[in-house]
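Just so it is clear: chains get the letters A, B, ... in the order the sequence lines come, proteins before strands, and each one is counted from 1.
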Protein chains: 2
Amino acid sequence: MTAADTVRRKPRADSQRNRERLLEAAKAGFAETGPDVSLEEIARRAEVGIGTLYRHFPTRDALVEAVYRREVQALADGATRLLETLPPGEALHQWMRSFIDYVAAKKVIAPALGGMVGGPSQVFAASGVMIREAMTTLVERARAAGEIRADADPADLLHAVVGFAYAPTGPDWNASALRLVDILMDGLRVR
Amino acid sequence: MTAADTVRRKPRADSQRNRERLLEAAKAGFAETGPDVSLEEIARRAEVGIGTLYRHFPTRDALVEAVYRREVQALADGATRLLETLPPGEALHQWMRSFIDYVAAKKVIAPALGGMVGGPSQVFAASGVMIREAMTTLVERARAAGEIRADADPADLLHAVVGFAYAPTGPDWNASALRLVDILMDGLRVR
DNA sequence: TTGCTAAACGGAGGAACCCTCCGTATATAA
DNA sequence: TTATATACGGAGGGTTCCTCCGTTTAGCAA
């Protein structure tokens, strides 16, 4: 029997349970303490040894990625929904606004977004791809419909929206970001 | 002789020298290792005890602020210079572009910018004021000249530019940010 | 010059955190 | 029930943070 023949056992129940507890604890920890919660704190909350945490998520980024994968998915899905019910330009506009609202609601995601725009960090690769695809589709449709400038670049717009969301600004943060999206959209529209 | 009467000695020469060395070392450290250089590393580079570092700069942010105060000053000064030679709208546009270029040249400043937009962190208050004043002047002039929308808000624009600069995006970062400034400016112009 | 003293120095040390390694415990399959 | 692959948990070595305090030294006056 060679190594390739090894039969996989069913994953252990305790393993899955702990993984779940860790994700839960991490989410709570990020929300309460911010993106710099100590990993030991998370393990403590989950009532799990630190070793267990590291086995499930070998790196801090892996944990963040796991916590937010579902969230990012939801955000990306919103794009197709908007495209079905609105003219493409409006869909793009609304999606960018929803992006801001989303980040406003869960500010913790912001650092994670950092790795998403295509930077050297490949950690959030999966999430990054989802978001980029959503934005690309939106932009292409709007361009095809002649609603926005032909030279509008999805990557640029993503950069912009992430930037608005990422920059830790004042109490007026949310409203300000939305206004900026509006202005940006004005700049994008074909005159 | 009451406490108020105490005569201040001339500040000690070694103190001033060490302060200088620390700033030098910090600048180099930030540039090479990034914004997370260990403070002990900086002290080591400056050939100074860790205690000395903490006496001069009680917090990491205080050190960053000190390192970049001059840089921020230069950036702010650019605004008046531009206003003297260009129409206000163009001055605003160019200043925002110069902002991006500046941050591109010294990426380390970015985290420091975070605290500048008016967030809860009061650490970069001084620098923040300088930048905010520059932006406010530029926007007011451009508005008065009727070149940009009357509802353009300096704080929003600062938020935007900082966001563009702050978001850690890919290799195309610099060019992308400049394109975004251009689009934003298009959105700002009165039609 | 000399001596006094406020001011500055520097590093030991406790606390928190990161991450690895490995002995112990247990869920699954036979 | 037994065997063993798999998962658990935490001790421990290394790093960084920041404080505290005994030692050194630069400025000042006599």
Side-chain angles (χ1 to χ4, degrees), chain A residues 1-26 28-30 32-67 108 111-112 121 123, chain B residues 1-26 28-30 32-67 108 111-112 121 123:
Chain A
M1 169 138 122
T2 74
D5 293 333
T6 44
V7 183
R8 287 249 157 271
R9 277 193 183 190
K10 177 163 95 180
R12 281 174 55 157
D14 52 347
S15 170
Q16 197 144 341
R17 178 174 44 76
N18 281 337
R19 186 190 171 80
E20 216 57 47
R21 302 186 66 153
L22 279 167
L23 283 174
E24 206 63 32
F30 287 141
E32 283 173 34
T33 315
D36 289 333
V37 224
S38 109
L39 297 184
E40 316 215 283
E41 165 71 16
I42 292 179
R44 240 170 291 150
R45 273 175 187 258
E47 294 177 314
V48 142
I50 185 66
T52 300
L53 184 152
Y54 274 97
R55 198 163 338 90
H56 282 286
F57 306 101
T59 141
R60 171 181 226 94
D61 285 342
L63 181 54
V64 177
E65 164 84 359
V67 166
V108 219
S121 137
V123 189
Chain B
M1 168 138 123
T2 74
D5 292 331
T6 44
V7 183
R8 287 250 157 272
R9 278 193 181 187
K10 177 163 96 181
R12 282 174 56 157
D14 52 347
S15 171
Q16 196 144 340
R17 178 172 46 75
N18 280 336
R19 187 190 171 80
E20 215 56 47
R21 303 186 65 153
L22 280 166
L23 284 174
E24 205 62 33
F30 286 140
E32 285 174 33
T33 316
D36 289 332
V37 223
S38 114
L39 296 184
E40 316 216 284
E41 165 71 17
I42 292 179
R44 238 169 292 150
R45 273 175 188 260
E47 293 178 316
V48 142
I50 184 66
T52 299
L53 184 152
Y54 274 97
R55 196 163 338 91
H56 281 287
F57 307 101
T59 140
R60 169 182 229 94
D61 286 341
L63 182 54
V64 177
E65 164 86 357
V67 166
V108 218
S121 138
V123 189

Gap between atoms [atom1] and [atom2], on [X] and [N] respectively (whole Å):
X: B:E47; N: C:dC9; atom1: CD; atom2: P; value: 14 Å
X: B:Y54; N: D:dC21; atom1: OH; atom2: P; value: 18 Å
X: A:L39; N: C:dA16; atom1: CG; atom2: P; value: 16 Å
X: B:D36; N: D:dC17; atom1: CG; atom2: C1'; value: 13 Å
X: A:R17; N: C:dT28; atom1: CZ; atom2: P; value: 11 Å
X: B:F57; N: C:dG10; atom1: CZ; atom2: C1'; value: 17 Å
X: A:K10; N: D:dA7; atom1: NZ; atom2: P; value: 13 Å
X: B:D61; N: D:dC17; atom1: CG; atom2: P; value: 13 Å

Would you give the length of the straight line joining atom [atom1] of [X] to atom [atom2] of [Y], rounded to the nearest 0.5 angstrom?
X: A:R17; Y: A:E20; atom1: CZ; atom2: CD; answer: 11.0 Å
X: B:T33; Y: B:R45; atom1: OG1; atom2: CZ; answer: 5.5 Å
X: A:L53; Y: A:I50; atom1: CG; atom2: CD1; answer: 5.0 Å

With nearest nucleotides of DNA chain D determined for B:A13 and B:I50 from heavy-atom distances, which residue corresponds to the more 5′ nucleotide?
B:I50
Return whichever of B:D14 or A:G51 has its heavy-atom-nearest nucleotide of DNA chain D closer to the 5' end.
A:G51
Pair A:E41 + A:R44: basic N to acidic O under 4.0 Å
yes
Between [X] and [N], does any side-chain N or O lie under 4.0 Å from OP1 or OP2?
X: A:R55; N: C:dC22; answer: no
X: B:T52; N: C:dA8; answer: no
X: A:N18; N: D:dC8; answer: yes
X: B:H56; N: C:dC9; answer: yes
X: A:R12; N: C:dT26; answer: no
X: A:S38; N: C:dC18; answer: yes

So which atom in B:L22 and which in B:A43 form the shortest heavy-atom distance, rounded to 0.1 Å?
CD2-CA, 4.4 Å
Of the nucleotides D:dT19, C:dC9, D:dA7, which has the atom closest to the A:S15 side chain?
D:dA7
Starting at the 5' end of DNA chain C, which residue's closest nucleotide do you reach first, A:E41 or A:P58?
A:E41
